[in-house]
Amino acid sequence: MNIHEFQAKELLRQYKVATPDGRVATDAEDARQITKAYGGKSVVKAQIHAGGRGKGGGVKFATDPDKAAELFKQMLGMNLVTKQTGAEGRRVYTVFISDPVDIDRELYLSFLVDRVSSRITILASTEGGVEIEEVAAKTPEKIVRVAIDPAVGLSAFQAREVAFALKLEGDAFKKGVTFLQNLYRLFVEKDCSMVEVNPLVVTKTGDVIALDAKMGFDDNALFRHPDILAFRDLHEEAPEETEASKFNLNFIKLDGTIGCMVNGAGLAMGTMDIIKYHGGSPANFLDVGGSATEDAVMNAFRIILQDKAVKGVMVNIFGGIMRCDIVAGGIVKAAKQIGIKVPVVVRLEGTNGEEGKKILADSGLNLIVAEGLEDAAKKIVAATK
Ligand code: ADP
Ligand code: MG
């Protein structure tokens, strides 16, 4: 799960990681008052779960309180398109007003879980403010990596190594080391999967502070962090995914046109592969699980049918513990509730396969029956072309 900048900064403050003052404005008048409190100037920042806001028009400087109010009105409700949002962009529901900082240098810092070494790893670079992918492509020697031994934690030696690589000096060096140690503690205690501070800045007065912060958390650990879970923003998730999670369905929205209802993650991967192989493109990944009820199947099918991008559906069920007649029952129920307006190819095999096929045949629904995986993929691709 990801959170917004303003929420990440709350956590930073809890862990004594330096970050500028900032508050969410409730309305334009509030934006004006906050800016006044910051001495008449502020940075107005749109809150979405994507970076690149600066270039997309989601981070703007207010030179006086009236300007802040005006910027607030512009940003709230706008559809912000950045390099990371895709062409469709994201709507802005929250606007954050930040105390402006006199920047001397912009640096890059992130903590992530490196799957190869199985260690929390620090990435740091003197080239901040720009996208790290760009730095990695053009000047990879400017990125340092430090892997942290979980048994030892972030040692003072390693924190100094990073501070040195960031060319911090004197007081800023000491502040940088403290910054790193506190951020590491936050990362571990809150079960983060990723923290990116870009830019980390050295101010004109020698402070080392997080001007921006992106944080992601391990979903499997959220049960022990109610405070983090409270930060969840459903606006930032595909509505179908939110709906599916209510029924314990494993659903991920993709950008193709063929909806897939499958039991088992492995079979779902195989189904997506074979659709691609035959020239189609999956609209989602949906695993109803190994022992879904008729209601779960019905909800899964309904969620797929409601997706406007779906031009056809491929149902691929291999009945083991899952019974095909239950799947068929769920499909029929969903179809009767909302109707089927797109071609649906069904491949049912395994436990109670014959009963399942009979339920579908007797339902009077216009379904295309397939024999085997390949046949199903060919039929759905042909039907949606
Ligand atoms: P994004 O990464 O989404 O573009 P940032 O928060 O990194 O958004 O802001 C983009 C740029 O705006 C920063 O690199 C920095 O130069 C400037 N900026 C952001 N917040 C402040 C602030 N409080 N004071 C001064 N400059 C800021
Ligand atoms: Mg940034």
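The first residue of the sequence shown is numbered 1, and numbering continues consecutively from there. Order of listing sets the numbers, starting from 1, for every ligand and every atom in it.
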Charged N-O contact under 4.0 Å between Lys358 and Glu355: no
Electrostatic pair Glu10:Arg13 at N-O distance under 4.0 angstrom: no
Going by salt bridge (Lys or Arg N to Asp or Glu O under 4.0 Å), name the residues that satisfy it together with Arg302, two or more places apart in sequence or in a different chain. Glu243
With hydrophobic residues grouped by side-chain heavy-atom distances under 4.5 Å, do Phe179 and Val202 end up in a single group? yes
Taking both backbone and side chain into account, is any N, O or S atom of Glu196 nearer than 2.8 Å to the Mg ion (ligand 2)? no
Taking the Mg ion (ligand 2) as the reference point, name the nearest N/O/S atom of Asp212. OD2
Could Asp295 and Lys333 be called an ion pair, given the rule that one side-chain N must be under 4.0 Å from one carboxylate O? yes
Closest non-hydrogen atom pair between Asn263 and Ile317, with its separation: OD1-CA, 3.4 Å
Filter the ligand 1-protein atom pairs down to N or O on both sides and distance under 3.5 Å, then list them.
from     : atom 1 : to     : atom 2 : distance (Å)
ligand 1 : 2 (O)  : Asp212 : OD2    : 3.0
ligand 1 : 3 (O)  : Gly52  : N      : 3.3
ligand 1 : 3 (O)  : Arg53  : N      : 2.9
ligand 1 : 3 (O)  : Arg53  : NE     : 2.8
ligand 1 : 4 (O)  : Arg53  : N      : 3.2
ligand 1 : 4 (O)  : Gly54  : N      : 2.8
ligand 1 : 6 (O)  : Lys45  : NZ     : 2.7
ligand 1 : 6 (O)  : Arg53  : NH2    : 3.1
ligand 1 : 6 (O)  : Asp212 : OD2    : 3.4
ligand 1 : 7 (O)  : Asn198 : O      : 3.2
ligand 1 : 7 (O)  : Asp212 : OD2    : 3.0
ligand 1 : 8 (O)  : Arg53  : NH2    : 3.2
ligand 1 : 14 (O) : Glu106 : OE1    : 3.0
ligand 1 : 16 (O) : Glu106 : OE2    : 2.7
ligand 1 : 20 (N) : Lys45  : NZ     : 3.2
ligand 1 : 23 (N) : Ser98  : OG     : 3.1
ligand 1 : 23 (N) : Asp99  : O      : 3.1
ligand 1 : 24 (N) : Val101 : N      : 3.0

With no hydrogens and no angle check, do the side chains of His278 and Glu374 hold a donor and an acceptor under 3.5 Å apart? yes
